[in-house]
Engineer: 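One structure, pasted below without further comment.
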Amino acid sequence: MTTPTTRLYNTLTRRIEPLVPIQPGKVSMYVCGPTVQDVAHAGHGRTYTTFDVLRRYLTVRGFAVTYVRNITDVDDKILAKSREAGEPPLEYSRRIAKIHAEDYAALGLAIPEHEPRVSEHIPDILEIIERLIERGHAYVAETPKGQDVYFAVRSFAPYGKLSHREINDLLSGARIEVGETKRDSLDFALWKASGKDGWGWPSPWGVGRPGWHVECSAMSMKLLGEHFDIHGGGMDLIFPHHENEIAQSEAAHTPPLANLWMHGGFLQVDSEKMSKSLGNFVTIRDVLVRNDRESLRYFYLGSHYRGPLNFDVEKRDDGRIVFPGVDEAERRIEYLYAARDAATLAAADAPAAIGKALPQQAAIVREAKTRVLDALDQDLNTSVALAVLNELAKAANEIAMAVQKLRKDKAQQDAARALAAAAVHAFADACAPLGLLHSASEDFWARTKAQRLRTRNIDSVILDQKVLERTRARQEKNFARADAIRDELVALGVELLDTPETTTWRLNVG
RNA sequence: GGUGCGGUAGCCAAGUGGUUAGGCACCGGUUUGCAAAACCGGCACACGUGGGUUCAAAUCCCAUCCGCACCUCCA
């Protein structure tokens, strides 16, 4: 019997290593959240879904997880945007943060234990800056706008240890903005005077705002202490953001800041990073208008979190914009829900004992949860976890089919029914760490139906009439007429599911 | 230039020394009035390229090519 071990890739050491919590049984994690300057795009969704899965998985593994994901609500871009919108900056950022929260909820992201905002932690930020000055790691500089405070990068010897950069290699890339009076081009701002824009908080150096990096040092220390287990974010944060966080935090108190640094790969469009500046971004809302919330989550989980993931955007002949990858994921989600439904139906009146029916399917049902967790143990191998779900779904369908076929053999049928019941539980257990199949089935079918009717501008009443007309034709054995109606409906993307008595329909994805 | 991530069958995507995850597409079958869905079976001499190590490499070593990203705000 081996102890299950969580293994995760650590950017700091560049290898996959076991998670050894600072306090046994507890995991503290801090993830850099969004700067709420604009609506969240699908790339944000990917990163936060990764950490949501990490949190769920660790919880299922028995850890008491404290998850902190901050909200950056103080930032130059927010100021600029809020002015365009004619709103006070904090009102603007509060409004945008609310939209982020709604989108994340739609993606099924569990709310972190703490969602600190920069604007609510100014005193903590000031404290850490003062401490850095005392220790000789930061200095005050006079600027035309007032007094700035900078972190003296060369005063922190290990600088570069996360991004694995040589401090001297950085010189060529560093730039000095107009009006800055840094002693060294590598130094970065801890505090900047507000100047004429006037937005800021009083400090020993006059009215100003915190630099971007120091907020995370202050908030993580406040909520998780000087030393915590996991620090995460998107890959673009490795340098300079996380490098600077390490410098500030470890210069201000005893190192290390975090044991394990995790970074998610980019979502790409045509092999290029999805980003605001390239203008190739798709917002989470854009996707959720067309696709079900769970399909986007499944799409993210289909590939490993550290690798790139391409997000296809396709324009159809009729002018509709579709996301083929997410559509594909949605079909998979449908398959999973349908399989769970089949198992649920087959499990009706099931006896308690499982018996010896269907040994192959029984093994898949029995092992599903373990196999999902084993996969996630290996640096969150979500695609293997999804493969397990697909095998489970297939087994569930087989079991349901067996229940149908075993009508004449009551004992065997009961055994199959019991197995179906076990399969339903297996779905719940196997999906828990992934955060999938969250909804009641009827909700899932109702909402996808409504969404597809809406996006295609089709009235379900008309479809019902057509289907009824076809049912009559079938009853009259007028198959030519029935098939003609079916062709008509298929052209609209309607899939017909005939039984001897009736017909149900559903709209296809895409 | 420095530092990373990636290059796996028609496509998406795991695997990281030796019984080839999973999915899509495709082909045959069960089922069906015919279909769809579901299920069964098939499916591919795959591992960027060139060397090397090994009884054995997609997997280790060396070299090299291509894509992307970071080095400046960015999940």
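All heavy atoms count here, side chains included; hydrogens, waters and symmetry mates do not. Labels below follow one simple rule: chain letters A, B, ... track the order of the sequence lines, proteins then strands, and each chain is numbered from 1.
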Engineer: Just checking, any donor-acceptor pair under 3.5 angstrom between side chains of A/Ser93 and A/Arg117?
Structural biologist: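 On atom types as modelled, these side chains do not qualify, holding no pair under 3.5 Å.
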
Engineer: Rounded to whole angstrom, note down the P distance from B/rG42 over to B/rC24.
Structural biologist: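 Roughly 16 Å separates the two P atoms.
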
Engineer: Parallel, tilted or perpendicular for A/Tyr30 and A/Phe228, by the 30°/60° rule?
Structural biologist: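 Tilted: the ring planes of A/Tyr30 and A/Phe228 meet at 30° to 60°.
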
Engineer: Between B/rU54 and B/rC12, how far apart are the two C1' atoms, rounded to whole Å?
Structural biologist: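 Nearest-Å result for B/rU54 against B/rC12 at atom C1': 34 Å.
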
Engineer: Mind checking A/Phe299 for me? I need base, sugar-phosphate or nothing, with any heavy atom below 4.0 Å counting as a touch.
Structural biologist: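 The answer is nothing, as A/Phe299 stays clear of every strand by at least 4.0 Å.
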
Engineer: Between C1' on B/rC5 and NE2 on A/His263, what's the gap in Å once rounded to a whole number?
Structural biologist: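 Distance, rounded to whole Å: 13 Å.
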
Engineer: If I pick the C1' atom on B/rG29 and the same atom on B/rU19, what distance separates them, to the nearest angstrom?
Structural biologist: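 To the nearest whole Å, 28 Å.
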
Engineer: Just compare B/rC68, B/rA13, B/rA37 and give me whichever is closest to any side-chain atom of A/Leu497.
Structural biologist: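 Between B/rC68, B/rA13, B/rA37, the one nearest the side chain of A/Leu497 would be B/rA37.
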
Engineer: Could you check how far NZ of A/Lys394 sits from P of B/rG22, rounded to whole Å?
Structural biologist: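 Taking NZ of A/Lys394 and P of B/rG22, I get 8 Å after rounding.
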
Engineer: Remember a base hit wins even if backbone is also touched, and classify A/Gly302 as base, sugar-phosphate or nothing at under 4.0 Å, heavy atoms.
Structural biologist: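 Sugar-phosphate contact only - A/Gly302 comes under 4.0 Å of backbone atoms but never of a base.
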
Engineer: Between P on B/rC73 and CD on A/Glu243, what's the gap in Å once rounded to a whole number?
Structural biologist: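 Checked: the CD to P distance equals 14 Å.
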
Engineer: Any side-chain donor paired with an acceptor under 3.5 Å for A/Tyr300 and A/Thr382?
Structural biologist: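 Side chains of A/Tyr300 and A/Thr382: no pair found under 3.5 Å.
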
Engineer: With rounding to whole Å, what would you report as the distance between B/rU32 and B/rA9 at their P atoms?
Structural biologist: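 Looking at atom P only, B/rU32 and B/rA9 are 39 Å apart.
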
Engineer: Does the side-chain contact (heavy atoms from CB on, under 4.5 Å) test come out yes or no for A/Asp379 and A/Arg7, once each step is laid out?
Structural biologist: CA-CA 5 Å; A/Asp379 196 27; A/Arg7 294 167 58 81; 5.8 Å; no

Engineer: Would you kindly give the CG-to-C1' distance between A/Asp270 and B/rG67, to the nearest whole Å?
Structural biologist: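 Spelled out: CG on A/Asp270 to C1' on B/rG67 is 13 Å.
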
Engineer: I'd like to know if the side chain of A/Asn390 reaches the main chain of A/Leu386, judged simply by a donor and an acceptor atom lying under 3.5 Å from each other, with no hydrogens or angles considered.
Structural biologist: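 Looks like yes, one N/O pair under 3.5 Å.
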
Engineer: Suppose you measure atom P in B/rC66 against the same atom in B/rC60; what distance do you get, rounded to whole Å?
Structural biologist: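 One P to the other, the span is 22 Å.
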
Engineer: Classify the ring geometry of A/His41 against A/Phe281: parallel below 30°, tilted from 30° to 60°, perpendicular beyond 60°.
Structural biologist: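 Taking A/Phe281 first and then A/His41, their aromatic rings sit tilted (interplane angle of 30° to 60°).
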
Engineer: Counting side-chain heavy atoms from C-beta on, which of B/rC73, B/rG33, B/rA14 comes nearest to A/Arg470?
Structural biologist: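 Nearest to the side-chain atoms of A/Arg470, counting from C-beta on, is B/rG33.
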
Engineer: What nucleic acid atoms does A/Ile238 come within less than 4.0 Å of, heavy atoms only: base, sugar-phosphate, or nothing?
Structural biologist: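 Nothing, no nucleic acid heavy atom in range.
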
Engineer: Please determine, by modelled atom types, if A/Thr283 and A/Asp286 share a side-chain donor-acceptor pair under 3.5 angstrom.
Structural biologist: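 A pair is found: one side chain offers a donor N or O, the other an acceptor, under 3.5 Å apart.
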
Engineer: Using purine N1 to pyrimidine N3 plus N6-O4 or O6-N4 for Watson-Crick, or N1-O2 and O6-N3 for G-U wobble, each under 3.5 Å, what pairs with B/rG2?
Structural biologist: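 B/rC70 - that is the nucleotide pairing with B/rG2, both distances being under 3.5 Å.
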
Engineer: Taking CZ from A/Phe188 and P from B/rC73, how many angstroms apart are they, rounded to a whole number?
Structural biologist: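 Atom CZ in A/Phe188 sits about 11 Å away from atom P in B/rC73.
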
Engineer: Is a donor-acceptor pair below 3.5 Å formed from side chain A/Thr47 to base B/rA75, judging by atom type as modelled?
Structural biologist: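 For A/Thr47, whose side chain was compared with the base of B/rA75, there is a donor-acceptor pair (under 3.5 Å).
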
Engineer: Does A/Asn397 place a side-chain N or O at less than 4.0 Å from the phosphate oxygens OP1/OP2 of B/rC39?
Structural biologist: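 For B/rC39, OP1 or OP2 has a side-chain N or O of A/Asn397 closer than 4.0 Å.
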
Engineer: Side chain of A/His41: nearest nucleotide among B/rA75, B/rA13, B/rA38?
Structural biologist: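 Selected nucleotide: B/rA75.
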
Engineer: Which nucleotide, B/rC39, B/rC68, B/rC71, lies nearest any side-chain atom of A/Met401?
Structural biologist: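 Minimum distance to the A/Met401 side chain belongs to B/rC39.
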
Engineer: Of the nucleotides B/rG67, B/rG22, B/rA69, which one has an atom closest to the side chain of A/Ser271?
Structural biologist: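 From the listed options, B/rG67 comes nearest.
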
Engineer: Quantified in whole Å, what is the C1' atom distance between nucleotide B/rA21 and nucleotide B/rA63?
Structural biologist: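 Pairwise C1' distance, B/rA21 against B/rA63, rounds to 32 Å.
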
Engineer: A/Lys273 side chain N/O closer than 4.0 Å to the phosphate oxygens (OP1, OP2) of B/rC70?
Structural biologist: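 Answer is yes, contact under 4.0 Å.
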
Engineer: At 4.0 Å (heavy atoms only), tell me whether A/Gly264 reaches a base, stays on the sugar-phosphate, or touches nothing.
Structural biologist: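 Counting heavy atoms under 4.0 Å across all strands, no contact is made by A/Gly264.
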
Engineer: Describe the nucleic acid contact of A/Ser383 in one word from base, sugar-phosphate, nothing, applying a heavy-atom distance below 4.0 Å.
Structural biologist: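 Here A/Ser383 touches the bases of the nucleic acid.
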
Engineer: Who does B/rG17 pair with, Watson-Crick or G-U, both distances under 3.5 Å?
Structural biologist: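 When the pairing criteria are applied, nothing turns out to pair with B/rG17, so the answer is none.
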
Engineer: What is the separation between atom CD1 on A/Ile16 and atom C1' on B/rU16, rounded to the nearest whole Å?
Structural biologist: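 After rounding, the reported distance stands at 10 Å.
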
Engineer: Taking B/rU20 as the reference, what is the distance to B/rA13 when you measure between their C1' atoms (whole Å, please)?
Structural biologist: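 Rounded to whole Å, the distance is 14 Å.
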
Engineer: Using a heavy-atom cut-off of under 4.0 Å over every strand shown, decide if A/Asp483 touches base, sugar-phosphate, or nothing.
Structural biologist: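 Contact class for A/Asp483: base.
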
Engineer: Is A/Phe479 stacked on the base of B/rG33 when the test is centres under 5.5 angstrom and planes under 30 degrees?
Structural biologist: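 Yes; by the centre-distance and plane-angle rule, A/Phe479 counts as stacking on B/rG33.
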
Engineer: Identify whether any heavy atom of A/Arg331 sits under 4.0 Å from a base atom; if not, whether one sits that close to sugar-phosphate; answer base, sugar-phosphate or nothing.
Structural biologist: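 No contact.
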
Engineer: A/Arg165 has a side chain; which of B/rA14, B/rA69, B/rG2 sits nearest to it?
Structural biologist: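 Given the options B/rA14, B/rA69, B/rG2, the side chain of A/Arg165 is closest to B/rG2.
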
Engineer: What nucleic acid atoms does A/Leu389 come within less than 4.0 Å of, heavy atoms only: base, sugar-phosphate, or nothing?
Structural biologist: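 The answer is nothing, as A/Leu389 stays clear of every strand by at least 4.0 Å.
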
Engineer: Using a 4.0 Å heavy-atom cut-off across all strands, classify A/Arg332 as base, sugar-phosphate, or nothing.
Structural biologist: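 Sugar-phosphate contact only - A/Arg332 comes under 4.0 Å of backbone atoms but never of a base.
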
Engineer: Where the side chain of A/Val384 is concerned, which of B/rC24, B/rA14, B/rA75 is the nearest nucleotide?
Structural biologist: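 Of the candidates, B/rA14 comes closest.
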
Engineer: Has A/Tyr335 got a side-chain N or O lying under 4.0 Å from the OP1 or OP2 atom of B/rA38?
Structural biologist: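 For B/rA38, OP1/OP2 do not have a side-chain N/O of A/Tyr335 under 4.0 Å.
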
Engineer: Can you tell me the Watson-Crick or wobble partner of B/rC39, both distances under 3.5 angstrom?
Structural biologist: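 Base-paired to B/rG29.
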
Engineer: Where the side chain of A/Glu495 is defined as all heavy atoms beyond and including C-beta, which of B/rA36, B/rC68, B/rA75 is the nearest nucleotide?
Structural biologist: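 My answer, after comparing the listed nucleotides, is B/rA36.
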
Engineer: Which listed nucleotide (B/rC73, B/rG6, B/rA75) is nearest to the side chain of A/Pro308?
Structural biologist: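 Out of B/rC73, B/rG6, B/rA75, the nucleotide with an atom closest to A/Pro308's side chain is B/rG6.
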
Engineer: So if I apply the side-chain contact (heavy atoms from CB on, under 4.5 Å) rule between A/Phe299 and each of A/Leu267, A/Ile333, A/Thr49, which one comes out positive?
Structural biologist: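 Running side-chain contact (heavy atoms from CB on, under 4.5 Å) over A/Leu267, A/Ile333, A/Thr49 with A/Phe299 returns exactly one hit, A/Leu267.
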
Engineer: Among A/Ile78, A/Thr72, A/Thr35, whose side-chain contact (heavy atoms from CB on, under 4.5 Å) with A/Val118 holds?
Structural biologist: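 Looking at A/Ile78, A/Thr72, A/Thr35, the match for A/Val118 under the side-chain contact (heavy atoms from CB on, under 4.5 Å) is A/Thr72.
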
Engineer: With distance as the sole criterion, do the side chain of A/Arg486 and the base of B/rA35 form a donor-acceptor contact below 3.5 Å?
Structural biologist: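 Flag set: donor-acceptor pair detected.
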
Engineer: Would you mind classifying the nucleic acid contact of A/Arg69 as base, sugar-phosphate or nothing, using non-hydrogen atoms under 4.0 angstrom?
Structural biologist: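 It contacts nothing in the nucleic acid.
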
Engineer: Using atom P of each nucleotide, how far apart are B/rC61 and B/rU53 to the nearest Å?
Structural biologist: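 Going atom to atom, P in each nucleotide, I get 15 Å.
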
Engineer: Hey, is the side chain of A/Asn381 poking within less than 4.0 Å of OP1 or OP2 on B/rG15, counting only N and O atoms?
Structural biologist: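 Yes.
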
Engineer: Ignoring hydrogens and geometry beyond distance, is a side-chain donor-acceptor pair present between A/Ser119 and A/Asp73 at under 3.5 Å?
Structural biologist: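 A donor-acceptor contact under 3.5 Å links the two side chains.
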
Engineer: Using both distances under 3.5 Å as the test, list the Watson-Crick or G-U wobble partner of B/rG50, or none.
Structural biologist: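 Partner of B/rG50: B/rC62.
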
Engineer: Taking for each residue the nucleotide of RNA chain B with the nearest heavy atom, is it A/Asp498 or A/Glu391 whose nucleotide lies nearer the 5' end?
Structural biologist: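 Its nearest nucleotide being more 5', the pick is A/Glu391.
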
Engineer: Judged by each residue's nearest nucleotide on RNA chain B, which is more toward the 5′ side, A/Met235 or A/Gln361?
Structural biologist: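 Looking at RNA chain B, the more 5' nearest nucleotide goes with A/Met235.
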
Engineer: Taking only the side-chain heavy atoms of A/Tyr9 (C-beta and beyond), determine which of B/rG23, B/rC5, B/rA75 contains the nearest atom.
Structural biologist: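 So the side chain of A/Tyr9 is nearest to B/rC5.
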
Engineer: If I take atom NE2 in residue A/His241 and atom P in nucleotide B/rC73, what distance separates them, rounded to the nearest angstrom?
Structural biologist: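 Spelled out: NE2 on A/His241 to P on B/rC73 is 11 Å.
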
Engineer: Rounding to a whole Å, what distance do you find between A/Tyr159:OH and B/rU3:P?
Structural biologist: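 Distance, rounded to whole Å: 17 Å.
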
